Amino acid sequence: MAIRVFLLLPVFLSSAIVSFSLYEDQAGLADWHQRYIGKVKHAVFHTQKTGRKRVIVSTEENVVASLDLRHGEIFWRHVLGTKDAIDGVGIALGKYVITLSSEGSTLRAWNLPDGQMVWETALHSAHHSKSLLSVPINLKVDKDYPITVFGGGYLHAVSALDGEVLWEKDFTAEGFEVQRVLQPLGSTVIYVLGFVNLSEAVVYQIDSKSGEVLAQKSMAFPGGFSGEISSVSSDKVVVLDSTKSILVTIGFLDGDISFQKTPISDLVEDSGNAEILSPLLSNMLAVKVNKRTVFVKVGGEGKLEVVDSLSDETAMSDSLAVADDQEAFASVHHEGSKIHLMVKLVNELDNVLLRETIEMDQHRGRVHKVFMNNYIRTDRSNGFRALIVMEDHSLLLLQQGAIVWSREEGLASVTDVTTAELPVEKDGVSVAKVEHTLFEWLKGHVLKLKGSLLLASPEDVVAIQELRVKSSGKNKLTRDHNGFRKLILALTRGGKLFALHTGDGRIVWSMLLKSQACERPNGISLYQWQVPHHHAMDKNPSVLVVGRCGSDSSAPGVLSFVDVYTGKEITSSDIGHSVVQVLPLPFTDSTEQRLHLIADTVGHVHLYPKTSEALSIFQREFQNIYWYTVEADDGIIRGHVMKSSCSGETADEYCFTTRELWTVVFPSESEKIISTLTRKSNEVVHTQAKVNTDQDLLYKYVSKNLLFVATVSPKGAGEIGSVTPEESSLVVYLIDTITGRILHRLSHQGCQGPVHAVFSENWVVYHYFNLRAHKYEVTVVEIYDQSRAENKNVWKLILGKHNLTAPITSYSRPEVFTKSQSYFFAQSVKTIAVTSTAKGITSKQLLIGTIGDQILALDKRFVDPRRTLNPSQAEKEEGIIPLTDSLPIIPQSYVTHSHRVEGLRGIVTAPSKLESTTHVFAYGVDLFYTRLAPSKTYDSLTDDFSYALLLITIVVLVAAIYITWALSEKKELSEKWR
Amino acid sequence: MDKGKAVMGTGRRWAIEFSDQSTVPSSRDILDPPGFSRASQEQDDSANSRQKKDAEANWKLQKAWEVAQSPFKNLMMMGFMMWMAGNTVHLFSIGITFSALWQPISALQSVGKIFEPFKDNKVELLMPKLVFLALNLGGLALGVWKLNTLGLLPTHASDWVSSLPPPQEVEHSGGGFVFH
């Protein structure tokens, strides 16, 4: 009885309130939102005397943004689509920011002060090519110099005022590759330099007014070019030959082409292969030879001479005019924990204009990029500021020997997320500030009371809001009773691990992945390594970061074990084999370290931790451990089983071979795997039974070894609408990963991907496009166990004579049946997740990341196969919603309320200790965190519950009781005396 | 007298019996006064009191039957209330149901006490008690039936299965797409 009441409670509560929503003054109490831009690719300074000083940046996350140079805040920002990579950025006419994107096919102008788009021009594009943007520096405001854009095989001249294409010139000839488009300052001639089949240099002279070809010269180069090119002046470029050992200076003054070859061995002794570095220095180029950076001066006749050389770890900026005929560039190199910033004149490298030494956090890694800007000091000398991009993608502004501001842009490219507990608060260790006094407490509650009685003045409202944000010690660095305070561990593409506090999103610690074997390993994924909660309580919890040296899948892996409380690396190991998959096993050793299997490219698996205890645990379960691989290109899913220990000289006892057990081969002419999904391994399921209205019982098929696979016909794998409904079909499968048995197959004719799915308990919800209806659809599939359906005798259940909790095996071939239903959905979707709670009792909500970069919370009740057009009274009471053809989008149920998580890529949910509440963390370019209670907080009082009101009510009641008692006593006495 | 004994049993240390009920003269120390005939008076008295006692016993029996039948009215009342309350779980229906369960249980607990006043050697109380018990049990049954119609009794398989965790799996597998 109690159980049923308990189970019914959330249902009733959730049916009472259809959607999640919050009041205006509750925004920002439990949630936070952080805005990022990503790793900066280009930066253009805008530091004219009038107006605010700013820097325009474009990033690898396809963001164009304007940053405040003083504080590093974002003035404005635009996140372009994932396929709209920015190729170049510039400032035209002193008021427009010009961006070239999508491989040179889209040119846009943004208003510099506020970021509004002024114009957009789609440029003609024929094939894939280099894309080059050159925005003329406007010396005369009245004259409108055209912007020259090369992209997609065409050269365009575009008016900066309105984006009109003035002329375009076709360079799509076979084998011709345009390398540089140069326009000498003040000249009306544009030089277009290209190579034909990398063996012939061609120079076109084009009139910048009309686009007519004035002259064309070509000259064959027998050695062939390698493609790397550096333009050193307006009439000279330097290029490497195909052997990468000879520098070739190509001069094309007045249209005549001249080659001048200089072997690198003449410049540097015992040189190997050379590499031309990207910084543009006037009359000079930087070449990387023998792990050193060599500066080569280009003389008037194309004569090369070495003027300086620096250590390899040097980053340089482009050169910049600082005074008449003088150009300077900045270089940054490391020395221990310090970095040295130097600004030198290009012509006189001995003349160091600026030398600064700055202490730098080791966990930022090396300097990747430097952008330099100069300003005139009050004493009319040159001052310099440098914007540097570090290896962890962070962005820093250096000025006058100090870091003026820094931005942790690594967080714009989060790849994997997990959560961790904070330390327990110990006596004597006071992490938080002193708790406020009783008077303040009372004052706060009186204010709240005023608020709830609508007596508060506007100032009071502000004070209440501040109190709420500050209250409840939500930013403490210790564990709390409800489990609301946690650490979010985020691994970024730059190989850095961040720990964010759920209270306010601040970075508690961060750590850059290191390795002995290679300079900088890439972070791949993140696992819970040790979570002590029963044993080994003296140990701190730790996480496992799996990385790899290099981007190739056969590159050796790196494991790093990080202490969650301190952020220090406990150990790190180069494991000597590749990493293609990591399988966390459901076993832990006596110190609660979780066993992990790491599979390599040759089909071996390696057991971690490498202890004999782990080995004995593993060998006990040896027969029951399987792994599967999905080969999307071939359309094959393979299941493997452990076979024996590895043999061979390099093998150790923790290495095991595997044997192929089953394969599922999809016909390649009709099906292509586009999505696979399993249940989260740490998901908690409360019950195996699903009760229908008439007390009928269904047994959920709850298995962790189920794989959801979606395939689409190869023709339909492209963009939506690229095929007719007859040509495309979508098929989904539920496959048992132990036996390879296909439990369920469902085909959707005339439908197309991309498929976004979520798998929880015994159901899958997936989202796809229906070509016939021209609408997106959402389908739910619930899977039930038919073989346990006989367990319906109450007496047997009461007496425990059933096998419902006995361990089950997939080899018993359980009979299953499914129920499914489809609905239209009005929005396209980026990702779907589901809420997860501590015990799995609370009803679930789907968290749908929409195309507008918001997160929509949709009750699971809306995607329930039991929905019918006319539910009976009993069904209605149970909370079954009448069937509609489309799922509702209730504006109040956007959990991101007014925010947008730009570039949304993933949503992660984690349970708190309170059963009703779940943590939600969404990442993309931005980060967003909130707490959700899908069935409202039925197990706790809300934050704005007025304790003062309760206290006052109790006091008043007690007083009233006492007074009336005294009065009645008196009356009784007087009556007795009468 | 009974009451006195009961009280004596619990609280008082001692008591004096003022009335003398003994009828045998030889047992007494003091002789009867002359002219006083105890026998005739006793005969008269006994005839009188027997009559009285019969009437009292009848009356007691009648009263006992009345008490025994009283839950019936209650039962009807409860039935009506339950019908009014409906079959959905809310405060009113739960209150009614629990009072319907509580009343018979408390009545059954105090069945001895209720029939105490009618206790007499000559009064046969078994039948009234049985009827009383039966009616109260009927009331209890009604309450339980109501509880069941509200769906608060674990009479379905679902009530027993819901608390069972999903079974463990023997095999474990993992994998997926290869890391790129």
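Since the model is a prediction, treat every value here as computed from it, not as a measurement. Residue numbers begin at 1 in each chain, while the letters A, B, ... track the order of the sequences.
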Is it the case that the side chain of [X] and the backbone of [Y] share a donor-acceptor pair, with hydrogens and angles ignored and the cut-off at 3.5 Å?
| X | Y | value |
| --- | --- | --- |
| Glu169(B) | Ile808(A) | no |
| Ser173(B) | Tyr626(A) | no |
| Glu171(B) | Thr809(A) | no |

(Q) Take a 6.0 Å sphere around CG of Leu91(B) and say whether it holds more than 12 heavy atoms from other residues, nucleotides or ligands. (A)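 No, CG of Leu91(B) has 12 or fewer neighbouring heavy atoms, counting only those of other groups under 6.0 Å.
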
(Q) Please find the pair of heavy atoms, one from Ala806(A) and one from Pro167(B), that lie closest to each other, and give the distance. (A)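 In this case the closest contact between Ala806(A) and Pro167(B) is O-CB, 3.2 Å.
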
Q: Might you point out which heavy atoms bring Gln688(A) and Pro166(B) nearest each other, and give the distance in Å?
A: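 Gln688(A) and Pro166(B) have their closest heavy atoms at CB-CA, 4.0 Å.
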
Q | All ring pair (Phe, Tyr, Trp, His ring centres under 6.0 Å) counterparts of Tyr784(A), not counting sequence neighbours | A |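 Only Phe817(A) meet the ring pair (Phe, Tyr, Trp, His ring centres under 6.0 Å) criterion with Tyr784(A).
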
Q) Thr629(A), Val702(A), Leu804(A): which one forms the most heavy-atom pairs within less than 4.5 Å of chain B? A)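 So the answer, after comparing Thr629(A), Val702(A), Leu804(A), is Leu804(A).
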
Q.
Taking every non-hydrogen pair under 4.5 Å, which of Pro584(A), Pro586(A), Ser810(A) racks up the most with chain B?
A.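 Option with the greatest count: Pro586(A).
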
Q) What pairs with Glu683(A) under salt bridge (charged side-chain N to carboxylate O under 4.0 Å, His left out), at least two apart in sequence or on another chain? A)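 Scan of Glu683(A) (salt bridge (charged side-chain N to carboxylate O under 4.0 Å, His left out), adjacent residues dropped) gives Arg679(A), Lys844(A).
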
Nearest-0.5 Å distance that lies between atom [atom1] in [X] and atom [atom2] in [Y]:
| X | Y | atom1 | atom2 | result |
| --- | --- | --- | --- | --- |
| Leu797(A) | Leu164(B) | CG | CG | 7.5 Å |
| Gln168(B) | Thr805(A) | CD | OG1 | 10.0 Å |
| Trp160(B) | Leu697(A) | CH2 | CG | 14.0 Å |

Q: Decide yes or no for Phe587(A) and His172(B): does some side-chain heavy atom of the first lie under 4.5 Å from some side-chain heavy atom of the second?
A: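 Of all side-chain heavy-atom pairs linking His172(B) with Phe587(A), at least one is under 4.5 Å.
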
(Q) If you define the side chain from C-beta out and look only at heavy atoms, does anything of Val161(B) sit under 4.5 Å from Tyr699(A)? (A)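 Yes, at least one pair of side-chain atoms sits under 4.5 Å.
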
**Q.** Region of Ser703(A) in contact with chain B, defined by heavy-atom distances below 4.5 Å
**A.**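 Ser703(A) touches chain B through backbone and side-chain heavy atoms alike.
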
